[in-house]
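Okay, so here's the structure we're looking at.
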Amino acid sequence: MANSRRSRNARHVVEVNEVLVFATRRGSDWWVWFLIAHRNTGRITDVAVSLGGAICHVACDSREDAQWLATAMVEEHGLPKAAVKARSLQDRQAPAPSAAKPEDR
């Protein structure tokens, strides 16, 4: 039951380290076109940003989809293997709102 609960609350993503992509220039053209093509889908999130690029998460519908996309990025589109990871992230529940103090109202 714990495993099924874990998979229900998991988000499946492909994590791409743009710094490695742009530093090696392997697959960088494809990656930029992928970003342009999917910019309005809401599936790409910059998790951490630096001058050299970002750590991006590409949302997928399942673990299998994330693994397939990560493999395709490396084998078909040339991104460095070290720059691409299929990951399952656990959703964090939002903390319960605290009651407002009378002096805060």
Side-chain angles (χ1 to χ4, degrees):
M1 173 136 169
N3 285 339
S4 65
R5 190 178 323 129
R6 214 175 306 154
S7 63
R8 271 191 311 222
N9 294 332
R11 291 182 306 118
H12 306 287
V13 300
V14 175
E15 185 174 274
V16 178
N17 183 335
E18 289 184 335
V19 175
L20 291 175
V21 173
F22 296 137
T24 63
R25 300 184 133 195
R26 293 180 45 213
S28 59
D29 289 343
W30 180 85
W31 174 245
V32 170
W33 282 111
F34 181 86
L35 290 173
I36 292 169
H38 297 278
R39 70 175 170 236
N40 293 326
T41 64
R43 288 191 171 252
I44 300 174
T45 304
D46 292 341
V47 178
V49 180
S50 71
L51 290 175
I55 302 293
C56 297
H57 284 174
V58 180
C60 297
D61 294 328
S62 68
R63 176 185 293 164
E64 292 79 17
D65 287 350
Q67 290 171 338
W68 176 86
L69 181 57
T71 300
M73 285 178 166
V74 173
E75 293 179 0
E76 296 176 28
H77 303 293
L79 275 70
K81 188 173 184 175
V84 179
K85 296 177 190 169
R87 300 191 61 196
S88 293
L89 307 173
Q90 297 303 315
D91 283 338
R92 296 181 183 173
Q93 292 183 347
S98 59
K101 298 177 186 172
E103 62 268 13
D104 292 339
R105 293 184 194 165

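Numbers here simply count residues along the sequence, with the first being 1.
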Roughly how far apart are Glu15 CD and Thr45 OG1, rounded to 0.5 Å? 11.5 Å
Parallel, tilted or perpendicular: which one describes the rings of Phe34 and His38, with boundaries at 30° and 60°? tilted
Would you say Val14 and Trp68 make side-chain contact, with heavy atoms under 4.5 Å? no
Any non-hydrogen side-chain atom of Met73 less than 4.5 Å from a side-chain atom of Trp30? yes
Please tell me whether Val74 and Val13 are part of a single hydrophobic cluster in this structure, the criterion being side-chain heavy atoms less than 4.5 Å apart. no
Sort and list the pairs that fulfil salt bridge (Lys or Arg N to Asp or Glu O under 4.0 Å) and have at least one residue in residues 35-51, not counting sequence neighbours. Arg43-Asp61
Side-chain heavy-atom pair Glu18, Leu35 within 4.5 angstrom cut-off: yes
Would Val32 and Leu20 show up in the same hydrophobic cluster when neighbours are defined by side-chain heavy atoms closer than 4.5 Å? no
Hydrophobic clustering (ILVMFWY, side-chain heavy atoms < 4.5 Å, transitive) - are Ile44 and Leu89 grouped together? no
Identify the heavy atoms of Cys60 and Ala66 that sit nearest to each other, and give their distance. SG-CA, 3.6 Å
Give, for atom NE2 of His12 and atom CG of Leu69, the distance between the pair rounded to the nearest 0.5 Å. 13.5 Å
Mind checking whether Ile55 and Phe22 sit in one hydrophobic cluster, side chains of I, L, V, M, F, W, Y counted as touching below 4.5 Å? no
